[in-house]
Amino acid sequence: MAVTSAALLRLRLRTELRKARMAAGLTQREVADRMEWSPSKLIRIEAGEVGISVNDLRPLVAAYGITDRRKLEELLNMARGSRRMPFAEYRDLYSKDFLQFLALESAAWINRQYNSLVIPGLLQTEEYMRAVMQAFGKDMPEELIERGVEARLARQELLEEAEGRQFFFILDESVVHRLTGGRGVMRAQLEHLADLSMRDHITIQILPFSVGAHPGIQGPFTLFEFQAEEMEDALFIEDSRGVSYPGGSAEETRRYLERFWELEDLALKDGVDVILRRLAERVAEGGGELEVLLEQDAA
């Protein structure tokens, strides 16, 4: 759990440093000038995008007027412990925002995801992963695809090491219909989803076409909540450029949480495992529509 601890420590450190700066009545520009840094360096530190060395932290804390030795040592220990972040070995493969996503995902206590495009990475089978990566990067070397699969499988260890964590997934109906990788791959993926949906710490819902326009129509997003009360919730938004991390806006995060709750009320929850298994059978047979299955269940 060392890498998870590193992610949590970096989150705590960024929160503490931001609070200390605001308590000192200083703007990011003023601090950057005092430290002879570029403003972007401080912005990245406060966003948790990069760590901070002990040598940089000491004068920064002094600029904030923190003199309590116990508090200083606490901050220094956070800086030391947050240097090794999860999935750092994939820096050549993933963007900074996605590496930040992976770090917070590994540390989150509650994980909420809405997806309208593909099965979420945490729930994908290995064959489905390959099909998605091959479609997304047609010119991607096989070696990079293999490393991407390796990273995604490593992420899925979170589901096995739940330790009280909760996962909530809402999938647009189109996601479970799209024949990604062919019928055999898709059947196995749907059966895997059905199995996962039976676990106590994993909730999978399907948002049917019949709801029409809905609050998630703008696209996929993920919300992370953390066990420590002092940790701020995190929001990630996905678009054609990948995952982006708005960072810092508690109001925007709250709006997306309310949006997720609205989607939960609209989405199917009971009997999802049965629906997924029936759809898997229909896919294997060469047909099948979710709406038809729902009508049969209602009858």
Side-chain angles (χ1 to χ4, degrees), residues 1 3-4 7-8 85-90 93-95 97-133 135-136 145-172 174-176 178 180-181 185-186 188-207 216 219-227 233-238 242-245 256-257 260 263-264 267 269 272-273 276 280:
M1 297 298 290
V3 291
T4 298
L8 285 171
M85 292 294 285
F87 300 94
E89 63 270 31
Y90 297 101
L93 188 63
Y94 295 135
S95 67
D97 277 344
F98 193 62
L99 287 171
Q100 179 79 337
F101 177 94
L102 295 177
L104 298 189
E105 179 181 72
S106 71
W109 197 245
I110 299 177
N111 184 323
R112 294 183 173 92
Q113 294 189 36
Y114 165 69
N115 207 306
S116 58
L117 302 172
V118 295
I119 305 294
L122 286 176
L123 307 181
Q124 293 176 4
T125 64
E126 185 171 341
E127 293 77 13
Y128 187 97
M129 293 176 199
R130 294 180 192 281
V132 169
M133 293 179 190
F136 181 75
I145 291 177
E146 290 303 315
R147 291 187 65 220
V149 169
E150 175 187 277
R152 198 159 293 186
L153 290 173
R155 287 172 60 195
Q156 293 183 356
E157 293 177 8
L158 288 174
L159 300 179
E160 307 302 326
E161 302 168 355
E163 298 181 352
R165 301 178 196 229
Q166 291 291 317
F167 299 85
F168 300 90
F169 301 94
I170 301 176
L171 310 180
D172 187 83
S174 61
V175 172
V176 296
R178 187 167 292 113
T180 303
V185 170
M186 196 63 197
Q189 176 63 74
L190 292 169
E191 290 174 343
H192 182 59
L193 283 180
D195 291 340
L196 290 174
S197 71
M198 299 296 291
R199 300 190 185 185
D200 291 339
H201 64 293
I202 299 174
T203 299
I204 299 175
Q205 296 181 250
I206 300 173
L207 190 67
F221 61 91
T222 299
L223 291 157
F224 295 131
E225 292 185 34
F226 306 93
Q227 190 173 22
D233 297 347
L235 164 69
F236 286 83
I237 300 171
E238 188 174 345
V243 169
S244 63
Y245 177 49
Y256 270 86
L257 179 56
F260 191 88
L263 292 171
E264 280 186 322
K269 183 176 181 179
V272 165
D273 62 313
L276 289 169

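Treat the numbers as computed from the prediction; the structure is a model and nothing was measured.
To the nearest 0.5 angstrom, I170 atom CD1 is 8.5 Å from Y114 atom OH. Of the inter-residue distances, the one linking T125 atom OG1 with Q189 atom CD reads 4.5 Å to the nearest 0.5 angstrom. For the atom pair CZ (F236) and CG (L102), the distance works out to 8.5 Å, reported to the nearest 0.5 Å. The distance from the CE atom of M186 to the CG atom of L190 is 4.0 Å, given to the nearest 0.5 Å. Put simply, OG on S106 and CZ on R155 are 10.5 Å apart, with the number rounded to the nearest 0.5 Å. M133 contributes atom CE, which lies 11.5 Å from atom OH of Y128 (distance to the nearest 0.5 angstrom).
Panel note: side chain Q124, backbone R130; no donor-acceptor pair is recorded below 3.5 Å. Side-chain atoms of E225 never come within 3.5 Å of backbone atoms of I110 as a donor-acceptor pair (strictly under, hydrogens ignored). Of the possible polar contacts, none joining the Y256 side chain to the L235 backbone as a donor-acceptor pair under 3.5 Å is found. For the pair Q156 (side chain) and G121 (backbone), a donor-acceptor distance under 3.5 Å is present.
Here R147 pairs with Y90, D92, L93, L144 under the side chain to side chain contact (heavy atoms under 4.5 Å, CB included) rule; sequence neighbours left out.
Checked against a 6.0 Å centroid threshold, the rings of F224 and F101 count as neighbours.
Counting all heavy atoms, side chain and backbone alike, E126 lies closest to L153 at OE1-CD1, 3.8 Å. Annotation for Y94 and A151: closest pair OH-CB, 3.5 Å, computed over non-hydrogen atoms. Between V175 and V118, the shortest heavy-atom distance links the atoms CG1-C, 3.5 Å. The minimum heavy-atom distance linking L196 with I202 is given by the pair O-CB, 3.6 Å. Nearest heavy-atom pair, E191 versus A280, reported as atom, atom and distance to 0.1 Å: CG-CB, 3.8 Å. Here the closest heavy-atom approach between residue N115 and residue L117 is recorded as OD1-N, 2.8 Å.
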Run the numbers on I119 and V132 for side-chain contact (heavy atoms from CB on, under 4.5 Å), then give the verdict.
CA-CA 9 Å; I119 305 294; V132 169; over 6 Å; no
Can you check side-chain contact (heavy atoms from CB on, under 4.5 Å) on L223 and D233, steps first, answer last?
CA-CA 7 Å; L223 291 157; D233 297 347; 5.9 Å; no
Take E105 and T222 through the test side-chain contact (heavy atoms from CB on, under 4.5 Å) and record every step on the way to the result.
CA-CA 9 Å; E105 179 181 72; T222 299; over 6 Å; no
I'd like to know whether L123 forms a side-chain contact (heavy atoms from CB on, under 4.5 Å) with L159, so could you lay out the CA-CA distance, the side-chain angles of the two residues, the decisive distance to 0.1 Å, and finally the verdict.
CA-CA 9 Å; L123 307 181; L159 300 179; 4.3 Å; yes
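Using a 4.5 Å cut-off on side-chain heavy atoms (C-beta onward), F98 and F87 make no contact. Residues N111 and L158 fail the side-chain proximity criterion, which asks for heavy atoms closer than 4.5 Å. Between P120 and L171 the shortest side-chain heavy-atom distance falls below 4.5 Å. Two residues are said to be in side-chain contact when any heavy atoms from C-beta on lie closer than 4.5 Å; H201 and F167 meet this criterion.
For D97 and S95, the side-chain atoms include no donor-acceptor pair closer than 3.5 Å.
Between E160 and R199 there is a salt bridge, since at least one side-chain N of the basic residue sits less than 4.0 Å from a carboxylate O of the acidic one.
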